[in-house]
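Working notes, beginning with the structure itself.
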Amino acid sequence: MTRNSRVFLSIVFWAFVVYLFVPLALMILMGFKDSKFIGFPIQSWTLDWYLGVFEDTDVIGTFFYSLAIAVASTAISVVMGTWLAVLLTGRRFLGRGAVYALMILPALVPGIISAIAFRIYARQLGIEPGMGAIIWAHAVHNVPFVTLVVMARLSTQPKSYAEAARDLGADPLVTFVRVTLPYLKPAIIGASVFCLLLSFDDFVRSFFLGSYQPTLPVLIFSKLRSGMSPEINAISTIALVLTAVLGIWAERSSRRMNKEN
Amino acid sequence: MIDHAAQAKTGSDVAAADDPQGRPTFWGRVTGNRAYRALVAVLFASPRRQFLILAAFPLVWVVTQHLGPMLQMLNVSLLESYPLSAGEEASLTFEHYRKFTADGGLFLKPFFRTLTFGVVLTFATLLITYPVAYFLARHVKRENQLSLLLLLLIPFWTGEIVRTYAIMILLGNNGAVNLALQWLGLVERPIPFMYTGFSVSVGLIYLTALYMLLPLYSALEKLPRSYSEAAADLGAGTWTRFRRITLPLTLEGIGSGCTLVFLISIGYYGTPVLLGGPNTTVFAETIAGFFHTAGDEWPTGAAFAVIMFFTALAMAGIFTRLIAMLRKGDSR
């Protein structure tokens with residue numbers, strides 16, 4: 001590789017990093033601006049916008065509403081996703097390809113179409129727009145991500161583990177709970193965090209399946225439609241920090257678990 | 001750690017009913033329970049029954065929950081009216097599909113704009129992220145690659161709306177880009193970036209770049225460096241090595257990255273609403289418009305969503321076939 005192309009590539013790489021981080025950094029900075037007017041230059045600084053957010057019971061309520069949705073939908077996705085992964089990595093059966101295609105379908109449907117389809121189906125099932133409908137839509141949408149992650153891990157488990165357990169007299173249920181499940185732990189933790197983030201950050205499904213109580217992204221969206229304000233920066237920054245911390249923690253812990261294996 | 005624990009268990013105590021002191025363990029108590037044994041005897045009597053128990057619920061789930069919403073959308077798109085009033089017979093019609101081409105191209109415009117946006121943005125994302133992935137996979141020491149990848153992942157954990165807002169601040173008339181341009185003396189007055197195709201594009205690339213970067217990185221990372229080195233020894237220049245070796249061998253990653261980015265980018269609703277203007281209306285906004293009302297326009301919205309879904313699938317399918325053909329052609 002010539003020196004020129006190396007220099008070119010490293011410039012592109014770091015320019016890309018700047019492109020990714022500068023908008024978020026500016027958004028964070030703007031949340032400390034002592035003026036209602038969004039834009040540069042920033043003459044004086046304040047923490048008032050953050051204090052305002054912590055005193056705003058609407059925002060706090062919305063935050064916990066989103067969190068509850070994320071936790072509940074993740075629980076469903078992880079159970080169904082793992083179950084599907086076990087089915088799809090087990091012995092071959094007629095129609096396995098079709099089941100795989102159906103499993104992955106919710107991840108491939110473009111966002112708006114997925115939201116519309118869920119909205120129509122919720123009405124068909126008699127689920128009113130609101131928390132239950134959002135939890136259900138997030139759960140179904142996130143299943144494929146769990147299945148893919150767990151399938152990848154499951155395919156690396158030596159067959160002899162389960163066989164040994166069976167030879168020692170364990171029934172399939174005990175074998176799964178005491179041998180397979182512990183082996184899948186890193187994958188399940190990683191997939192859970194991914195689902196939590198997907199659900200917490202989701203806009204389009206929450207928007208179309210929600211009732212008057214918004215989730216955090218829907219709240220930010222509706223506030224943005226009536227104009228930018230440093231208050232939105234403060235809310236967004238808090239959401240950003242929380243998701244980043246959770247993501248980094250999951251990434252590090254799954255890497256540590258993989259190393260220990 | 002976990003593996004050793006699992007191994008230890010498979011070796012000694014998975015089926016053991018007692019701990020070393022002779023007291024029954026938790027699992028010993030469970031598996032020794034008569035009701036549990038009876039249940040296991042019934043559930044796992046034959047391999048066939050075992051399979052049924054494993055497969056039944058997931059099969060019902062994927063058919064009713066994964067496929068069900070799509071089928072019901074198709075069904076509603078063919079209904080004369082929805083919801084049906086009491087006692088009304090469901091009557092099927094293609095009327096709502098016909099509306100797609102009606103009204104002097106009112107709906108065709110955003111439709112083709114969305115597809116064009118999707119294709120152009122996918123290509124732009126590929127051009128931007130390929131060198132990034134290449135640098136990461138080839139010029140960074142292996143032990144640092146994961147840390148840098150983690151660095152690139154951080155912004156992508158943030159949600160669509162928060163990142164869209166960040167782009168709004170960047171590109172606004174008092175945004176950082178305009179401020180920098182004015183400070184450098186390149187422009188007199190701020191350039192109106194916002195509410196144009198440009199702002200929507202910057203936003204969508206910002207949102208989808210990762211879905212391109214990851215498949216490209218994993219394809220490049222798998223590719224042995226020795227291939228390029230061998231070609232270099234045989235006298236191939238940088239460009240030739242890239243065109244004849246690296247590019248053909250990463251076609252698969254390019255294919256999956258492009259398919260993902262295309263399907264994801266045409267589905268965004270919030271970002272084009274916030275970053276776009278009247279001249280950049282995308283089809284997602286058209287579809288959403290039919291659902292803001294209580295229900296009488298749902299069949300039209302559903303029909304449009306079906307059209308968009310099958311068009312997107314067809315385009316992704318043709319593209320995947322194209323990539324497969326290119327790969328075959330190269331291996332010959």
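Letters A, B, ... are given to chains in the order of the sequence lines, protein chains preceding strands, and every chain is numbered from 1.
Between A:M228 atom CE and B:I169 atom CD1 the span is 5.0 Å, to the nearest 0.5 Å. Atom OG1 of B:T238 sits about 12.5 Å away from atom CZ of A:R6, to the nearest 0.5 Å. Rounded to the nearest 0.5 angstrom, A:L24 CG and B:R163 CZ are separated by 8.0 Å. The structure places CD of A:E251 at 9.5 Å from CD1 of B:I154, a figure rounded to the nearest 0.5 Å.
Proximity to chain B (any heavy atom under 4.5 Å) is shown, for A:I232, by both the backbone and the side chain. Contacts of B:E160 with chain A are made by both backbone and side-chain atoms, with heavy-atom separations under 4.5 Å. If you measure heavy-atom distances from A:L197 to chain B, the contacts under 4.5 Å come from the side chain alone. Of the two parts of A:F194, neither the backbone nor the side chain holds a non-hydrogen atom closer than 4.5 Å to a non-hydrogen atom of chain B. Contact of A:V177 with chain B is made through the side chain alone, with heavy-atom distances under 4.5 Å. Only the side chain of B:L148 comes within contact range of chain A, with heavy atoms under 4.5 Å apart.
Each of B:F262, B:F135, B:F51, B:F44 has some count of heavy-atom pairs under 4.5 Å with chain A, and the biggest count is that of B:F135.
For B:Y269 and A:F208, the distance between ring centers is under 6.0 angstrom.
Proximity of A:F13 to B:P131: side-chain heavy atoms (C-beta onward) are nowhere separated by under 4.5 Å. For the pair A:R123/B:W298, a side-chain contact is recorded, criterion being any heavy-atom separation below 4.5 Å from C-beta on. Side-chain contact check for A:L20 versus B:F156: some heavy-atom pair is nearer than 4.5 Å. In this structure, the side chains of B:L151 and A:V17 come closer than 4.5 Å at one or more pairs of heavy atoms. The shortest side-chain heavy-atom distance between B:Y268 and A:I112 does not fall under the 4.5 Å cut-off. Counting heavy atoms from C-beta on, the side chains of A:F118 and B:M73 never come closer than 4.5 Å. B:W157 has its side chain out of reach of A:L240: every pair of non-hydrogen atoms, C-beta onward, lies at least 4.5 Å apart. With a 4.5 Å cut-off on side-chain heavy atoms, B:M168 and A:L224 count as touching.
Within a 6.0 Å sphere centred on CZ of A:F93, other residues, nucleotides and ligands contribute more than 12 heavy atoms.
The shortest non-hydrogen separation linking B:A209 to A:F16 is CB-CZ, 3.8 Å. Nearest heavy atom pair, residue B:Y36 against residue A:D171, reads OH-OD2, 3.0 Å. The shortest non-hydrogen separation linking A:Y19 to B:V202 is OH-O, 2.9 Å.
Under a 3.5 Å cut-off, the side chain of A:W83 and the backbone N or O of B:L54 do form a donor-acceptor pair.
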Acceptor/donor pairs from residues 55-72 of chain B side chains to any protein atom, 3.5 angstrom cut, sequence neighbours excluded:
{"unit_1": "B:W61", "atom_1": "NE1", "unit_2": "B:H66", "atom_2": "NE2", "d": "2.9"}
{"unit_1": "B:T64", "atom_1": "OG1", "unit_2": "B:V60", "atom_2": "O", "d": "2.8"}
{"unit_1": "B:Q65", "atom_1": "OE1", "unit_2": "A:W136", "atom_2": "NE1", "d": "2.6"}
{"unit_1": "B:H66", "atom_1": "ND1", "unit_2": "A:L102", "atom_2": "O", "d": "3.0"}
{"unit_1": "B:H66", "atom_1": "ND1", "unit_2": "A:M103", "atom_2": "O", "d": "3.4"}
{"unit_1": "B:Q72", "atom_1": "OE1", "unit_2": "B:N75", "atom_2": "ND2", "d": "3.4"}
{"unit_1": "B:Q72", "atom_1": "NE2", "unit_2": "A:Q124", "atom_2": "OE1", "d": "2.9"}

